[in-house]
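The structure under discussion appears below in the form of structure tokens.
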Amino acid sequence: MATYYRQSLWLDYTMRNEYGLHTRLILPTSQRINVTNVYIPPTSSLLRRNITEEQAITAVEMVLEELQP
């Protein structure tokens with residue numbers, strides 16, 4: 001996963017793992033925005049790698065816990 005942003009924005013924080021990416025950007029107006037990407041592959045793909053859906057969801061939750069209001 002990737003998040004592309006303009007050079008006029010400033011990267012404040014990023015947290016990622018295999019299933020999620022959270023990025024906090026600072027706009028030119030000094031406002032902060034959160035951008036979060038999440039992808040959980042189909043169960044069949046997870047099982048081929050000996051990963052349960054619950055493990056993948058837990059990894060996503062770790063990323064989501066980094067969100068701040």
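Not measured: the values here are computed from a predicted model.
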Considering residues at least two apart in sequence or located in another chain, which fulfil the salt bridge (Lys or Arg N to Asp or Glu O under 4.0 Å) criterion with Glu53?
none
For Thr23 and Asn34, does a side-chain donor sit closer than 3.5 Å to a side-chain acceptor?
no
Quick check for you: to the nearest 0.5 Å, what is the distance between Arg16 atom CZ and Met1 atom CE?
10.5 Å
Which side-chain N or O atoms in residues 6-13 pair as donor and acceptor under 3.5 Å with protein atoms at least two apart or in another chain?
residue, atom, partner, partner atom, Å
Asp12, OD2, Arg24, NE, 2.8
Asp12, OD2, Arg32, NE, 3.3
Tyr13, OH, Glu66, OE1, 2.7

Given the rule that I, L, V, M, F, W and Y join up when any side-chain heavy atoms are under 4.5 Å apart, are Leu46 and Val38 in one cluster?
yes
Can you name the side-chain contact (heavy atoms from CB on, under 4.5 Å) partners of Glu18, sequence neighbours left out?
Arg49
For Met15, I'd like to know if atom CE has over 12 heavy atoms of other residues, nucleotides or ligands within 6.0 Å.
yes
Taking all non-hydrogen atoms of both residues, which atom of Ala56 and which atom of Ile40 are closest, and how far apart?
CB-CG2, 4.1 Å
On a heavy-atom basis, the closest approach of Ala59 and Tyr19 is CB-CD1, 3.6 Å
Using the side chain to side chain contact (heavy atoms under 4.5 Å, CB included) rule, take Leu27 and Tyr5 through it: C-alpha gap first, then chi angles, then the decisive distance, then the call.
CA-CA 10 Å; Leu27 304 175; Tyr5 56 92; over 6 Å; no
With sequence neighbours excluded, residues passing side chain to side chain donor-acceptor pair (under 3.5 Å) with Thr58:
none
Same apolar cluster: Leu64 and Ile57, side chain cutoff 4.5 Å:
yes
For Glu61, all residues meeting side chain to side chain donor-acceptor pair (under 3.5 Å), sequence neighbours excluded:
none
Any donor-acceptor pair under 3.5 Å linking the side chain of Asn37 with the backbone of Gly20?
no
Sequence neighbours left out, what passes side chain to side chain donor-acceptor pair (under 3.5 Å) with Arg48? Give chain and number order.
none
Let me confirm one number: the CG-CE distance from Asn17 to Met62, rounded to the nearest 0.5 Å.
6.0 Å
